[in-house]
Amino acid sequence: MVSQVVVDEKPPQQLLSKKAGCNSHGQDSSYFMGWQEYEKNPFDPVSNPSGIIQMGLAENQLSFDMVEAWLEKNPDALGLRREGGASVFRELALFQDYHGLPAFKNALARFMSEQRGYKVAFDPSNIVLTAGATSANEALMFCLADHGDAFLIPTPYYPGFDRDLKWRTGAEIVPVHCTSANGFRVTRAALDDAYRRAQKRRLRVKGVLITNPSNPLGTMAPRADLEMIVEFVAARGIHLVSDEIYSGTAFGEPGFVSVLEVMAERGAAAADVSDRVHVVYSLSKDLGLPGFRVGAIYSSNAAVVSAATKMSSFGLISSQTQYLLAAMLGDKDFTQSYVAENKRRIKERHDQLVDGLGEIGISCLESNAGLFCWVDMSHLMRSRSFAGEMELWKKVVFEVGLNISPGSSCHCREPGWFRVCFANMSAKTLDVAMQRLRSFVESTTNGAAALRRATVPARSISCPIAIKWALRLTPSSADRKAER
Amino acid sequence: MGGKLLLAAFAGSPPLSQVATSAAHGEDSPYFAGWKAYDENPYDAVANPDGVIQMGLAENQTSFELLEGYLREHPEAAGWGAGAGSFRDNALFQDYHGLKSFRKAMASFMKKIRGGKASFDPDRIVLTAGATAANELLTFILANPGDALLIPTPYYPGFDRDLRWRTRVNIVPVHCDSANGFQVTVSALQAAYDEAAAAGMRVRGVLITNPSNPLGTTVKRTVLEDILDFVVRKNIHLISDEIYSGSVFATPDLVSVAELVESRARHGEKDIANRVHIVYSLSKDLGLPGFRVGVVYSYNDAVVTTARRMSSFTLVSSQTQKTLAAILSDEEFADVYIRTNRERLRERHDHIVAGLARAGVPCLRSNAGLFVWMDMRRLLGDGEATVASELKLWDKMLREVKLNISPGSSCHCSEPGWFRVCFANMSLATLDLALARISRFMDRWNKATTQHEQQ
């Protein structure tokens, strides 16, 4: 059979969908470019000590030893055997029920409750399991928003949202502007302003999405802020999605307050909005298991649970993994000690970064959660603009060799802020990063001045040699506890 | 739509999306209703011997003990073995490129299944959480909302949801019938193409399942060539869902579209490759639907890149990737598994075909899959070749005979009276029981028909 070749036919590469060709996958942003540079030249203390240190990846690598110890004590969970030795391989191999492994959902519900100090109870039948929070967030968008509808999201926010929430769903994000004037907290005025801007763009607002604890800020939303946000969505008749994937990394006092706790306190008044509040969770940050793809949607809206459950067919969690984690999370002794020790280590590493930056005159937004700090490097920019931020960022990546995330990639309104991760490296590597940064800071006029102010005692010393001498008097990070 | 009406009862609540409230999740069809009936009254040899036997689930339970045995002898495959950092690296691994060792093992396995007649590049393998995800992903990539994919009937009922629900892409059926063994013809393809055009839909591709679900047949080489020529002529894509490729237990051997792409390339026809995409999975061949392992394999670089990014929404657990990489890269084990699995499927297939024949029920001649395409057309009665009478018969099979089988209409078959009957998801004893029930049913039907004729 001879095929008729059409002379002006387009080659199939151009015949992909609009989604395939568009940029909403977000991978041309600096957030991903920094990763690419790191991958070309990754730091290794032995084999590549001058490589780029990855500080743009919000991973929790601090507590693997505890999980490994548990695995060693519980070989049956890995070997797909019941206690007593009977194999569950066949059952698990066949188990593709989108309702999820009951033992896992029960264990997850209890664990989520434990993380909230048992102030909130989770009903396993309101949990929808998904392959990671990435999948959970997208599924919720598919359920709550039609093509072209909008969600309001406080800035700065996780760069991945641009892809996860918009790409295939066709939903829009309208930013809720937050500024350093009040520590980047969400205000009613900012929400109302965002709502108006959405209306001007003729976008139908379907809800608000918050991340609490915040990525990239590392802060927990105060109870009053959560109450205000719930009031706002109640008044507007829209949804609220609370992405709480960092809830287990909250180490400060007072402890983490979930939006569900606020809802519980509203009591009868919550009835007006209870079927519009949905929580997203994941084990990627708290347990440091991003590779296992464990995410969840929690909602008391039966229609949402029903639709999202069916949708989870497109991203189910491997039954092998559900079985393992059902055993792990069902071990209350383990979870109790893990949660406490994990928080302690996160706080310690957080303090190391904050103090280290403080010593070189760089301040951070005060934070008590997350795997990163929100760092103010605006004084190091040559111009107070996003162009200046980009220039500084490139210097830090290519010259200083630290992959940090520029605030503009998180849609921050103010230039000069950077997200710097601290939990994905050893304490020693964090020291190396601080030393490199110090050298860079010393080489800039503003930086050196700020450094002086940070380290010099009340009597000012202007002689450069004396400054260095003064510096040696401050406690060095090498004096810190030996790293795990 | 039922969903919207229900939600109107919650005054003041904003509606959920159209996607959430549409019925395109497809779960209101008989295919799923039968499952519900089974769930409510499942057969158990001891506890519930009169229960419904599940013959509507295309699972492969014939070869588990081979996998179980492997894991027993190689416990490190399920664990992380010695070497600090091995667990850590695996737990952290969320790279959407997928574990290299696993992709290599998959590429090798896919080649073995095709008897070495085609090779696969591990870097063209994109991993997804199951073929369900792979098919949806490809649809998002190749088609816009409102566009159409042409799919030969009868086809897997799940496609109505997987390909249409969230993508808002349409399926236009390519009608096939028993006159030629349900093979795809060029005129049927053209008719479907014209139908789509008349409805104002832009056709983006053809999707075939090879070996076919629900037919259990492999697509003939000449038919595949015709389909390839058709997609070239129309400048559209071809998706070949080959998730049953490891279940071909009799001749003719599987001719995969991969083989044709390679041979056409050797003859200088290079532009065909950019249109061809293959879906694979370990759910059927390895009997591991719970582990969620699917593959998008494309010869088109842009598709591979985009699919990789999109797979972020549906990655395979790194724990599972590691375990399966260990199992599948054991060449010797893979060879034994493929061979043994085929033999067992063939035995099971021959057993059910013989049993049905004895009961007076013919099947479409098949050489693959986990099911047979059973012909009950004559039970519909003269002038009663309708979907309604097929569903009446189906309901009888479910409630009287206590067998959950899948009616052809749920597979969009244009000829009423055909049923898909699975044979690999139960013990031989249970299969024999099912055959006995059918046999008794046919006896009753024969008597009733004879009496009727005598009146």
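Keep in mind that this is a model prediction, so the values were computed, not measured.
- With a threshold of 4.5 angstrom between heavy atoms, A:Val273 does not approach chain B through any atom at all.
- In this structure, chain A has a heavy atom under 4.5 Å from the backbone of B:Phe93, while its side chain stays farther away.
- In this structure, no portion of B:Arg72 lies under 4.5 Å from any heavy atom of chain A.
- Top candidate by heavy-atom pairs under 4.5 Å with chain B, chosen from A:Leu316, A:Leu94, A:Leu78, A:Thr134, is A:Leu94.
- For A:Tyr323, no part sits under 4.5 Å from any heavy atom of chain B, backbone or side chain.
- For chain B, no part of A:Gln322 is nearby; none of its heavy atoms comes within less than 4.5 Å.
- If you measure heavy-atom distances from B:Val316 to chain A, the contacts under 4.5 Å come from the backbone alone.
- For A:Leu16 against B:Arg204, the heavy-atom pair with the smallest separation is O-NH2, 4.1 Å.
- For the set B:Glu136, B:Arg166, B:Glu225, B:Glu65, the entry with the most heavy-atom pairs within less than 4.5 Å of chain A is B:Arg166.
- Nearest heavy atoms, B:Arg161 versus A:Ser313: NH1-OG, 3.2 Å.
- For A:Leu71, the part lying under 4.5 angstrom from a heavy atom of chain B is the side chain only.
- Taking A:Gly315, A:Ala307, A:Ala93 one by one and counting their heavy-atom pairs under 4.5 Å with chain B, the maximum is reached by A:Ala93.
- Interface check for chain B: of the options A:Met311, A:Arg293, A:Arg168, A:His147, the most heavy-atom pairs under 4.5 Å are formed by A:Arg168.
- Using a 4.5 Å cut-off between heavy atoms, B:Thr323 touches chain A through its side chain atoms alone.
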As a quick check of understanding, evaluate side chain to side chain contact (heavy atoms under 4.5 Å, CB included) for A:Ser318 and B:Gln319, giving each step before the final call. CA-CA 9 Å; A:Ser318 167; B:Gln319 175 193 16; 5.6 Å; no
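- A:Phe292 approaches B:Asn90 most closely through the heavy-atom pair CE1-OD1, 3.7 Å.
- For B:Glu68, the parts lying near chain A are the backbone and the side chain together; criterion is any non-hydrogen pair under 4.5 Å.
- Within the 4.5 angstrom heavy-atom criterion, atoms from both the backbone and the side chain of B:Pro289 approach chain A.
- Of the atoms belonging to A:Leu324, it is side-chain heavy atoms, and not backbone ones, that fall under 4.5 Å from chain B.
- Within the 4.5 angstrom heavy-atom criterion, atoms from both the backbone and the side chain of B:Gln61 approach chain A.
- Here CD of A:Glu138 is found 4.0 Å from CZ of B:Phe313. Values are rounded to the nearest 0.5 Å.
- Of all heavy-atom pairs between A:Asn301 and B:Leu16, the closest is ND2-CD2, 4.5 Å.
- Contacts between B:Leu288 and chain A at a heavy-atom distance below 4.5 Å involve backbone atoms as well as side-chain atoms.
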